[in-house]
Every structure is written in structure tokens, then in C-alpha cells.
J.: 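Take this structure first; my questions come after.
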Amino acid sequence: MTKLLYFAWVRERIGKREEEIDLPAEVVTVSDLLEWLRDKGDGYAEALQQPQVIRVAINEEHVDHREAIAGAREIALFPPMTGG
Amino acid sequence: MTKLLYFAWVRERIGKREEEIDLPAEVVTVSDLLEWLRDKGDGYAEALQQPQVIRVAINEEHVDHREAIAGAREIALFPPMTGG
Amino acid sequence: MAIAPTVRVQQQDFDLAAEVAALTSGRTDVGAVVTFSGLCRDEGGALAALELEHYPGMAEAEIKRIVSEAITRWPVTGLTIIHRYGQIHPGENIVLVVAASPHRQAAFEAASFLMDYLKSRAPFWKKEHHVDGSAGGWVEAKEADATALKRWDEKGQR
Amino acid sequence: MAIAPTVRVQQQDFDLAAEVAALTSGRTDVGAVVTFSGLCRDEGGALAALELEHYPGMAEAEIKRIVSEAITRWPVTGLTIIHRYGQIHPGENIVLVVAASPHRQAAFEAASFLMDYLKSRAPFWKKEHHVDGSAGGWVEAKEADATALKRWDEKGQR
């Protein structure tokens, strides 16, 4: 089981803050994950329709979409940050 | 009569903070003034031995050594500034 | 220089003077302190409040990584970053950066670097709430902020 | 922008928090406040005090000219410069610059510009007094400060 976290409009569109998901073996990279999640329902499709803008952190560290997700305890998806 | 002001080591070497001087007609520019003052005594000679390092303000504004001193009420001589 | 930076992510306001004092009191090796305070603007009267969402845990971790990078780049004697979250009204503080150093250029550059990195790398998101009751939506990341970040890469490569 | 900058040349210390509050209180158009505090260092324990001499009248006039220049260059909502003179001990404040603006880059650049100009153009001179009782002599102007000033000329010409 992997913990998925959603923030800002990704959270609003998916309609939840977090969930535990059992990822299938064919989901190897961050890109694979975003594509796979899009098929989980309308909210996911809406949140992830432009996967290239989604920022991803694995275990609280920014990662590239090409990154492998093997060993991830926690994967967070969110829009570009607007702190400061 | 023109008021001359001296600051920092220029003041210390000349040995006074200020003086009123009647400048002769041949003293036209700041450069002329520095050269003319050097002959006024040992303190002046010591303070102004390297005239190119001396900064000058006329009526409280920085000026170049080529500047004419005509009309100056107050001329200040000092080393490069070290504020801030 | 082994320094112990201060990083806090909190709902409550901060005290600028106290944070500066914490980096200078009883010390005689600090020549320059630069502070940056980021405040909420009302956008010409349209904005009622900003709602700042953050990723707890990662926010602190990412800011600490940014701070560590600054420490390797500049001879700082102290660094403090405080970032607020929650509801913030116009005129209120959002973020504080304090950089102390023997030298002014290092203090200016470290503070400016930290702000640029906070803007684009720290996991915070701003949502606008309008005076007329409408939800203004999420603030979009600015191209200018990404550009601001790049100048530090270039410097690093020189 | 018509702003009323604050320029003070004084013997007594200043209050950083009060000066920042003066530029932000009751306002909702300020997004960024950068402060620079310059402090007296003890140079590894050798320095007992700095004696700051200034040219009364011209010091204020010159700082006001520098401030006017900054106002034409950056969209600032407020600027404050306080420069102390007299005897200053290690750990004590020498100078304060506060720049407030809607935007962070403008606040950083205006404050940095003001400091570079103060260093090389404001009529102040520092004399060192050593712990061992010897007069350390007058601090010499640094080449680096002249160089720091030049970068603003280049920007102006672009």
C-alpha cells in the first residue's frame, strides 16, 4: 500500500486529501502513476488532465516524472507552488 | 571669504575643523585650491600630499577636481568616505 | 561555518525584532543583517484574505534543504525562515527571512536566494478569497519566479 | 509614486521594528519589506569602538539625493535610512535601510542600491579604536565598495 497525498486544486478536484492505494506492478514511474490515476474517475481525470503541470514529491522530496516510485511510502501530487 | 571644512584625517593633519579664507583670484578650480593650500604649512602639505585621493564638496555637493570654485560659500575637503 | 538555522512553519504571526535579536544579541561578529518580510496585499481592495495551504512535514524539510544550500554558498552567521499557513488578511505577514553575515553582500544575496527558492520550491499554495464573497481561485505560479530562480544556477556555474 | 522617505542622521540607536511598522501599518498595498542593519564588528576582539565622523548638513542632503534616485528606479511605497554617528561599540547598530514595495525584487534591489551608495557617497568616516588603547586609524575605503557601486551604472545604461 502506498499513501497518496493531494494538495490545492489537485485535492479539490479529486475530492480527498489522501488515500492508501495498492498500485499495480505495471505502474513503475511517476508518469505511469499519473496516467493510471486518471482512469480512476471523473475527479482524477479533471485533476490530472494536464499531467505535465503536476508536481510530485516522493517521501517529501521533489522528483521528476521519470522517477521510479519503487519503495515510495508517500507520494504527493500538487500544482506548482506559490509560497513565499 | 570662503569657508573651508576639513574631515577625518584631512582635519587631523591640518589641525583644524574649519577656517574662513580669502582665496586669491588665480585659484580657479578645485585642483588649484588643493595646490595652493599645500603651501600654507606643514599640516596642509601632509594632508594634501596626494591631492588625487582628496574628495571635495562645494556647498554640500560632491564635485570633480576640475570644477570651478567661483561662487562657493563652503568647500569641504575629506578622504574617501567609509559610511554604511 | 557551523550555524544552527531556524526554520518554522506556523499559523501564528512572527516578531521581526525578536528574530533579528536572536541572530545578533551578545555577538560581535555580525556586520550585516538583511530581513525580508512578505505581506498579504489586498490587490486594490478586491482581496478579503489569502488561504495558505501547505504540505506539513515536507514544508519544513524542503526549507531546511534550501537553507543548507544557502549556508554552503555564503559566509552567513545565522539564517531564519518563518513561513505562515492558514487564513491571512491584507496587511498581515506571510513569510520572514533573516540572513546575518559579517558582510553586506553575503547577507543580501543569501536572503534574496532564500526567497526565490521559497517561492518556487517550498510546498505552499495560495488561494484567494474575494471581498464580494467569490472564491478567487488558486494563485498561479509566475513565470518571473521561475526566471528569478535560474539566476542562481548561472551564478553557481561561474 | 509620490512617497515621503525618512532620512535621519543621529547619535542615538534606532528601533528596527518601529521603522518597519511605520512603512506598513494600516496599509494593504505593501507586499515586501527588506531591511538592512549594519552593525559594528569587533574584528576578532581587537576593536574597542568605532568613531563615526560625519559632515552635518551634507550627510542628510547626500542621503536624500541617493533616496530620490532610488525612488525613480524602483516602484517603492516607502524608504527609510537612518545613519548613526559618534562612538559605536561592537555589536551596536551603525546604519538602517528599509525598503517597502509591492514586489520583492524591487524591495531587495532598492535596499542593496541604497547601501552601496551610502558606503561610497555619504560623507561619513570611521576611525578605529583598539582594545589595547592604540588608535587604529581611519578605515580605508575598499575597492570592492567602488566596484559594488558600478554595477548600478551598468544596469542604468541597459
Side-chain angles (χ1 to χ4, degrees), chain C residues 14-21 23-48 50 77 89-105 107-109 111-116 118-119 142 144-145 147-148 151, chain D residues 14-21 23-48 77 89-105 107-109 111-116 118-119 131 142 144-145 147-148 151:
Chain C
F14 49 78
D15 180 340
L16 171 69
E19 299 303 334
V20 170
L23 298 190
T24 56
S25 290
R27 299 187 72 139
T28 51
D29 60 340
V30 179
V33 180
V34 170
T35 75
F36 177 92
S37 308
L39 294 91
C40 177
R41 284 177 296 150
D42 70 359
E43 308 297 350
L47 189 88
L50 278 180
T77 57
H89 298 94
E92 292 179 354
N93 288 314
I94 299 172
V95 63
L96 175 68
V97 167
V98 186
S101 169
H103 308 290
R104 81 179 184 286
Q105 218 49 51
F108 269 121
E109 290 189 7
S112 181
F113 168 92
L114 290 168
M115 275 309 303
D116 284 344
L118 279 177
K119 282 264 170 195
K142 290 197 200 80
D145 290 331
T147 308
R151 66 197 172 109
Chain D
F14 48 78
D15 180 339
L16 171 69
E19 298 304 334
V20 170
L23 297 191
T24 57
S25 291
R27 299 186 72 139
T28 52
D29 59 341
V30 179
V33 180
V34 169
T35 75
F36 177 91
S37 306
L39 294 92
C40 177
R41 284 179 294 149
D42 71 358
E43 309 296 350
L47 188 87
T77 57
H89 298 95
E92 292 179 354
N93 288 314
I94 299 172
V95 63
L96 174 68
V97 167
V98 186
S101 170
H103 308 291
R104 80 180 183 288
Q105 218 49 50
F108 269 120
E109 289 188 10
S112 181
F113 168 91
L114 290 168
M115 275 309 303
D116 285 344
L118 280 177
K119 281 265 168 193
V131 167
K142 291 196 200 79
D145 289 332
T147 309
R151 65 197 172 109

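When reading the values below, keep in mind they use all heavy atoms of this one structure, side chains included, and skip hydrogens, waters and symmetry mates. So you know, we letter chains A, B, ... as the sequences are listed, proteins then strands, and number each from 1.
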J.: Quick one: of C:D42, C:D116, C:T35, who has the most non-hydrogen atom pairs under 4.5 Å with chain D?
T.: C:T35
J.: In Å and rounded to the nearest 0.5 Å, what is the CE to CD distance from D:M115 to C:Q105?
T.: 9.5 Å
J.: Report the distance from atom CZ of D:R104 to atom CG of C:D145, rounding to the nearest 0.5 Å.
T.: 4.5 Å
J.: Which bit of D:S112 comes within less than 4.5 Å of chain C, counting heavy atoms only: side chain, backbone, both or neither?
T.: both
J.: Highest number of heavy-atom pairs under 4.5 Å with chain D: which of C:C40, C:A111, C:A99?
T.: C:A111
J.: Using a cut-off of under 4.5 Å for heavy-atom pairs, which of C:A32, C:S37, C:A17, C:A148 has the most such pairs with chain D?
T.: C:S37
J.: Applying a heavy-atom distance below 4.5 Å, give me the residues of residues 89-98 of chain D that approach chain C, sorted by number.
T.: D:P90, D:G91
J.: Output the option from C:L47, C:L16, C:V33 having the highest count of non-hydrogen pairs under 4.5 Å with chain D.
T.: C:V33
J.: Can you name the closest pair of heavy atoms from C:V30 and D:L39 and give their distance?
T.: O-CB, 3.4 Å
